[in-house]
Amino acid sequence: MRYSQMLLPTLKETPADAEVISHRLMLRAGFIRKLTAGIYSYLPYGLAALRRVETIVREEMNRAGAQELLLPMVQPADLWIETGRYEKYGPELLRFKDRHDRESCLGPTHEEVITDLVRRELHSYRDLPVNLYQIQTKFRDEVRPRFGLMRGREFLMKDGYSFDVSDEQADISYMKMYEAYKRVFSRCGLTFRAVQADSGAIGGNFSHEFMVLAETGEDTIVVCTACEYAANMEKAEVKVVGPASSEAMADLEKIETPGKRKVDAVCDFLGIEAANLVKTMVYLADGQPVTVLVRGDREVEEIKLKNLLKVADVVLAEDKQVFDATGVPTGYLGPVGLTIRLVADQEVVLMRNFVAGANEKNHHLKNVNYERDFQVEVVADLRKISTDDPCPVCGGRLELTEGIEVGHIFKLGTTYSEKMNAVFQDSDGQEKPFVMGTYGIGVSRVVAAAIEQNHDENGIIFPMPLAPYQAIILNLDPKDEKITAAAEGLYTDLVSEGVDVLLDDRDERPGAKFKDADLLGIPFRITVGKKFGQDGIVELRSRKTGESDGMSPDRLKAELLARIADEMVK
RNA sequence: CGGGGCGUAGCGCAGCCUGGUUAGCGCGCCUGCCUUGGGAGCAGGAGGUCGUAGGUUCGAAUCCUACCGCCCCGACCA
């Protein structure tokens with residue numbers, strides 16, 4: 001491609017409404033332009049990067065035995081009513097009526113449509129397993145779109161669905177996708193982790209998120225420094241440390257703690273550690289009060305609580321709500337004698353002689369003990385994991401890191417097939433619901449994540465597999481015949497060798513061309529300038545390392561081909 | 001949906017508080033000259049419903065009201 005003929009509007013200054021780095025660079029490098037909140041046009045250069053990701057995804061999906069198809073984006077409400085999601089999905093589902101007054105929606109995901117297709121077309125166990133995928137624009141009417149392509153309302157997604165005869169077979173399909181996803185992100189040249197995610201009702205280790213490690217990530221993940229373990233913070237299970245305290249139980253003692261409501265204040269006042277105190281937190285679980293006990297220095301993980309209670313929503317109760325539910329002002333709540341629902345983090349039952357609120361203003365209790373002084377409904381892992389905790393798998397040291405979710409695979413089981421009566425006849429003649437799995441990759445988000453992970457102060461540094469062009473040739477003086485002939489010759493030769501090359505033939509000064517080349521992040525830059533005029537030398541420079549070598553055009557061709565091949569992740 | 005901020009030329013901004021001829025600056029764009037290894041220089045030029053609507057006023061970019069749009073934090077979510 002010739003730069004002079006390409007719609008590639010680079011910006012010297014960053015538009016004011018872009019905050020995160022990938023968004024800024026995508027605007028500056030002429031990738032995208034915003035149409036309205038969360039909705040972007042892809043310009044030729046951005047589309048080329050998107051296509052790179054798509055190609056890798058296709059190759060790996062096909063390799064794993066999946067078949068590509070394309071499902072409609074406009075969907076009838078009826079299907080969504082069948083699964084109950086028309087109500088459940090909420091305002092993120094964009095609904096509208098067509099001219100015949102039929103309720104419709106824009107597809108935010110395609111479980112309903114694919115299940116409908118499969119129930120019509122597949123009837124026998126002989127047809128299974130089958131794995132179908134598409135690469136398509138999704139629309140989710142996000143409350144708060146942000147960060148450019150990172151969280152748009154309209155975005156490009158690969159979504160795939162597997163159908164199997166049994167749970168065991170579905171596990172095999174799942175693992176195939178797990179492996180395929182690892183290959184996809186490796187081939188994209190990304191640093192990522194596959195982490196265990198919250199699999200909600202399904203349970204087990206059958207939900208993984210693929211997280212690209214980058215500071216701007218919206219998720220926090222815990223990774224083990226010693227083994228392969230990695231999990232979303234929300235999901236990370238806490239391994240209970242140590243046996244129960246063997247200390248003898250002391251007598252319960254009520255003490256006055258005037259005005260001491262916060263953990264720190266109580267600890268200072270009594271001269272104890274937060275680890276010897278139990279916090280009593282009241283949550284509203286779908287509106288109903290539930291009390292949670294955790295050690296003073298720990299924090300409640302609300303997702304875990306939500307899953308334990310099997311409710312849609314948990315929020316920390318406000319002071320007034322706490323008082324209404326318990327008759328005790330916040331700060332003096334404790335488990336002893338409390339009459340509302342009570343659940344405890346597993347750590348609490350191991351503690352001896354701890355301090356807790358006395359359920360009376362300005363008073364706390366000393367030497368409280370589980371079982372002797374109070375009972376709870378459930379003991380479970382309810383707190384946030386911390387870097388003090390050991391790895392739940394190997395006991396190693398944990399680290400926290402930010403991640404961008406670029407993929408999510410999930411074993412669905414028969415949830416959808418049962419609701420939609422999608423069944424096949426098994427070898428024994430019985431009708432059975434398909435066992436399903438669902439697998440998504442945020443294609444446009446992968447591009448954003450790649451930029452988050454690969455840039456410097458001058459612009460993007462594309463990993464070779466995602467680069468829209470592998471090399472850019474700078475003709476530094478288009479008015480010089482000799483230089484121009486050399487640049488054009490190199491361009492023609494490289495194109496015929498199958499290299500994706502951009503030729504900067506614009507009538508711009510050298511500085512502008514250098515700046516743009518850096519900004520665009522093309523892995524190799526070939527400069528044809530006055531050194532060629534003098535000694536027949538052209539320059540080959542790596543965007544990543546900044547190293548450059550002068551050489552003859554012939555040598556450059558061979559050298560470039562070898563280095564491109566070298567940087568393509570197989 | 002709660003909190004905060006912002007809408008003035010394609011982009012980045014000033015002017016607004018304290019109303020007053022023709023609304024400025026830098027970059028970009030157009031023409032010409034000149035220049036060609038890190039976003040040059042000179043000269044000339046085009047480009048504006050000051051987000052929209054209403055109000056106050058002799059007079060509104062500036063004050064008031066409503067609405068619309070955009071960004072950030074939170075809640076939520078992939």
Side-chain angles (χ1 to χ4, degrees), chain A residues 9-20 23-24 27-28 30 33-39 88-93 108-109 138-159 195 197-198 207-212 216-219 232 234 302-303 306 312-316 403-410 438-446 448-449 457-459 474-480 483-484 504 506-519 525-534 537-539 541 546 548 550:
Chain A
T10 55
L11 263 29
K12 212 150 124 179
E13 283 167 304
T14 308
D17 55 5
E19 204 93 339
V20 301
H23 189 197
R24 289 173 168 221
L27 288 169
R28 287 194 54 209
R33 288 294 183 257
K34 182 171 69 189
L35 181 62
T36 182
I39 299 181
K88 255 174 71 182
Y89 213 93
E92 253 185 59
L93 181 67
T109 175
K138 293 284 184 282
F139 192 90
R140 297 186 189 174
D141 202 356
E142 284 286 337
V143 217
R144 193 187 149 206
R146 58 187 126 163
F147 306 153
L149 290 196
M150 208 101 93
R151 181 176 293 282
R153 291 196 290 164
E154 198 180 282
F155 58 100
L156 193 65
M157 180 171 172
K158 188 261 6 177
D159 50 321
V195 309
D198 177 22
S207 177
H208 285 87
E209 289 171 345
F210 291 79
M211 309 288 265
V212 168
T216 34
E218 293 186 81
D219 295 277
N232 196 311
E234 300 167 350
E302 295 177 7
I303 303 287
K306 194 162 106 175
D313 190 41
V314 295
V315 282
L316 194 59
I404 301 167
E405 184 186 342
V406 289
H408 194 168
I409 58 177
F410 202 105
T438 176
Y439 316 97
I441 293 179
V443 174
S444 41
R445 193 184 273 183
V446 166
E457 63 283 0
N458 294 316
L474 304 188
N475 176 352
L476 287 193
D477 191 354
K479 293 207 173 75
D480 183 300
I483 289 172
T484 299
D504 192 346
R506 294 174 303 166
D507 185 20
E508 291 287 344
R509 294 173 54 82
K513 295 184 181 182
F514 289 131
K515 288 290 185 189
D516 277 334
D518 285 348
L519 178 62
R525 187 184 83 191
I526 299 157
T527 308
V528 187
K530 70 179 179 207
K531 277 183 204 153
F532 181 78
Q534 290 159 8
I537 295 292
V538 294
E539 180 191 290
R541 183 176 192 265
S548 68

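Just so it is clear, the model here is predicted, and its values are computed rather than measured. Side chains are part of it too, since the values below use all heavy atoms of this structure and drop only hydrogens, waters and symmetry mates. Every chain is numbered from 1 and lettered A, B, ... according to where its sequence line falls, protein lines coming before strand lines.
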Asker: Quick one: the side chain of Asp477(A) and the base of rG37(B), do they pair up donor-acceptor inside 3.5 Å?
Answerer: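 Between rG37(B) and Asp477(A), which were checked side chain against base, a qualifying N/O pair under 3.5 Å is absent.
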Asker: Can a donor-acceptor pair under 3.5 Å be found between the side-chain atoms of Arg525(A) and the base atoms of rG37(B)?
Answerer: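 For Arg525(A), whose side chain was compared with the base of rG37(B), there is no donor-acceptor pair (under 3.5 Å).
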Asker: Nearest heavy atom decides the nucleotide; on that basis, is Gly529(A) or Glu218(A) closer to the 5' end of RNA chain B?
Answerer: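 Per heavy-atom nearest nucleotide, the more 5' residue is Gly529(A).
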Asker: Report the residue (Arg151(A) or Arg28(A)) whose heavy-atom-nearest nucleotide on RNA chain B is the more 5′ of the two.
Answerer: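 Going by which nucleotide is closer to the 5' end, it is Arg28(A).
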Asker: Any N or O donor-acceptor pair linking the side chain of Glu13(A) to the base of rG26(B) at under 3.5 Å?
Answerer: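 Such a pair is found, so the answer is yes.
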Asker: Tell me which nucleotide, if any, is Watson-Crick or G-U wobble paired with rG26(B) when both distances must be under 3.5 Å.
Answerer: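 rG26(B) is paired with rC11(B).
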Asker: Check whether the side chain of Lys530(A) and the base of rU36(B) form a donor-acceptor pair under 3.5 Å.
Answerer: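 By the distance-only test, no, there is no pair.
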Asker: Quantified in whole Å, what is the P atom distance between nucleotide rA23(B) and nucleotide rG47(B)?
Answerer: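 Taking atom P in both rA23(B) and rG47(B), they lie 13 Å apart.
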Asker: Can you find a donor-acceptor pair, distance only, under 3.5 Å between Arg144(A) side chain and rG74(B) base?
Answerer: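 Flag set: donor-acceptor pair detected.
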Asker: Please report the distance separating the P of rU18(B) from the corresponding atom of rC73(B), rounded so that it comes out in whole Å.
Answerer: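 The same atom, P, in both gives a distance of 33 Å.
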Asker: Expressed as a whole number of Å, how far does the P atom of rG20(B) sit from that of rA60(B)?
Answerer: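 About 11 Å, rounded to a whole number of Å.
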Asker: My understanding is that only one of Arg146(A), Arg140(A), Arg144(A) makes a side chain to side chain contact (heavy atoms under 4.5 Å, CB included) with Arg151(A); could you say which?
Answerer: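 By the side chain to side chain contact (heavy atoms under 4.5 Å, CB included) criterion, Arg151(A) pairs with just one of Arg146(A), Arg140(A), Arg144(A): Arg146(A).
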Asker: Taking the side chain of Ala512(A) as heavy atoms from C-beta outward, which of rG39(B), rC76(B), rC70(B) is closest to it?
Answerer: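 Of rG39(B), rC76(B), rC70(B), rG39(B) is nearest to the side chain of Ala512(A).
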Asker: For atom C1', what is the distance between rU49(B) and rC33(B), given to the nearest Å?
Answerer: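 Their C1' atoms lie roughly 38 Å apart.
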